[in-house]
Every structure is written in structure tokens, then in C-alpha cells.
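Input: a single structure, listed below in C-alpha cells.
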Amino acid sequence: AQSVTQLDSHVSVSEGTPVLLRCNYSSSYSPSLFWYVQHPNKGLQLLLKYTSAATLVKGINGFEAEFKKSETSFHLTKPSAHMSDAAEYFCVVRRGLGGYNKLIFGAGTRLAVHP
Amino acid sequence: GAVVSQHPSRVICKSGTSVKIECRSLDFQATTMFWYRQFPKQSLMLMATSNEGSKATYEQGVEKDKFLINHASLTLSTLTVTSAHPEDSSFYICSAPFMDGQETQYFGPGTRLLVL
């Protein structure tokens, strides 16, 4: 079975400082992993995805994540936070490569960015 | 990237009435779509998988007769909340996999349902 744990429900950073959102996964198969962002009252936007290619994945808006199989982690980072990054972030695992496989969502991490 | 739309974006209805929510893939075909439910400040929970030309498959605990799903074409899936009650008030989101070689799922903007 697949599952994903986001280790922090809330993260607060100052503008211009690094962002780290932590995610650990559990999967019986080779997983595909995603990070999605949800701004208030908006739909989910794909930030980046890992699908068995390069372990360091670069996404939109300066975000990146590293797949570490030995640690079963897929943490999301950004060198310098912007005010516009304040949102809810979801780490998601999907079994395998097929789009018809279910997505399992983490509980989410709310990122607050202070001036 | 691929675009998925939902209609309506927001709906208010009286208890006991039915509400239909549409999910469309605008520039690609999707034989499968997914319906999620999100309560305030919570994560997304998969409700069902909508299959074009066949019955939807529901997750455990989701009432089939209450949440009717029809995948009418390769670009349209509908979710009908029948005999809605206040506890059905939620944010309903659909998604569709886009065949970009990695079958990334793209999400609609969501429909906020409020049952009075």
C-alpha cells in the first residue's frame, strides 16, 4: 500500500529565507511522487513530479525536490521564499507510472511567509 | 499544460435537492477522471474513479446512490449529489490524467457546494 506523511502541518518563514517542506512516503512499488500547491479558493497546481528519472527534480517558481529512496523522502525546497508562496502544499504519491493509478494525498502543509 | 474545467464554481442549494457538477478536459481526452472531496483545512480524499463507457468505481465508504457519476464522453464527467444535506457541503475537485508520457493528473479549479 502507498501512503505519504507530511511532517509539518504548518511552516512559517520570513521572506527571502529558505523553505523546506518535508514529506516521507511508503510504497510497495516504485512510486511516482508529486508536489501540488493550492492557493486559497483555487485549484491545485502541479509544482513538480518525480517519475523514476533524475532524483533531483526542478519545478516551477524556483521549487525543487530530491527523491531519496534510502530515506523514503521527497522534501520540497526553495532557496528564497516570496510572499506569493504562501499557500497549502500537498505531497502526493502514485503507484507506478500509469495515470489511472490512484493518487494518495498527504495531509498538507500550510506555508506562511512573513515580510 | 492540460486544462481541466469545472462548472459551477460555486453552488448553494436547499437540503433535499440534487446538484450536478461538471468536469471537462478542455484540450485532451480522458477515459478516466477522478473525483475528490476536500473539507475545510483538510486534504483531498478520493471519492471515485469515473470511467468512460462503464460504471464508476467508488472508494470504500462512499455511497454510490448518493454520489452519482456519469462519464458521458471522453471529455466530460459529471458528479450528481442526490438529496443533498448540510453535511455534503464541501469542496469537490475533479482531475484527469494527461497522456504526456508520464500521465500527470491535472486538476479542475473545484466546486464549492453549500447545502442549507
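Being a predicted model, the structure only gives us computed values, none of them experimental. These values consider heavy atoms only, across backbone and side chains, with no hydrogens, waters or symmetry-generated copies. Every chain is numbered from 1, with letters handed out A, B, ... down the list of sequences.
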Hey, quick one: are [X] and [Y] part of the same hydrophobic cluster, counting side-chain heavy atoms closer than 4.5 Å, chains of contacts allowed?
{"X": "B:Leu76", "Y": "B:Ile21", "result": "no"}
{"X": "A:Leu7", "Y": "A:Val19", "result": "no"}
{"X": "A:Val13", "Y": "A:Leu21", "result": "yes"}
{"X": "B:Phe91", "Y": "B:Met33", "result": "no"}
{"X": "A:Tyr50", "Y": "A:Leu56", "result": "no"}

Heavy-atom pair of closest approach, residues A:Phe90 and B:Gln42
CZ-O, 4.1 Å

Minimum heavy-atom distance between B:Gln105 and A:Tyr36, given as atom pair plus value
O-OH, 2.7 Å

What distance separates A:Arg94 CZ from B:Thr104 OG1, expressed to the nearest 0.5 Å?
6.5 Å

Side chain, backbone, both or neither: which part of [X] has a non-hydrogen atom closer than 4.5 Å to chain B?
{"X": "A:Leu103", "result": "both"}
{"X": "A:Gln45", "result": "neither"}
{"X": "A:Leu46", "result": "side chain"}

B:Ser43 (side chain) donor-acceptor with A:Gly106 (main chain) under 3.5 angstrom:
yes

Pick one of side chain, backbone, both or neither for B:Arg112, based on which atoms fall under 4.5 Å of a heavy atom in chain A.
side chain

Under 4.5 Å to a heavy atom of chain A? For B:Leu44 that would be both

For B:Lys55, does the NZ atom sit with more than 12 other heavy atoms under 6.0 Å from it, leaving out its own atoms?
no

Greater than 12 external heavy atoms within 6.0 Å of B:His7's NE2
no

Might you work through the side-chain contact (heavy atoms from CB on, under 4.5 Å) test for B:Ile93 and A:Gln38, ending with a clear yes or no?
CA-CA 12 Å; B:Ile93 304 172; A:Gln38 185 180 37; 4.1 Å; yes

Ranked by heavy-atom pairs below 4.5 Å to chain A, first place among B:Lys41, B:Gln6, B:Glu59 goes to B:Glu59

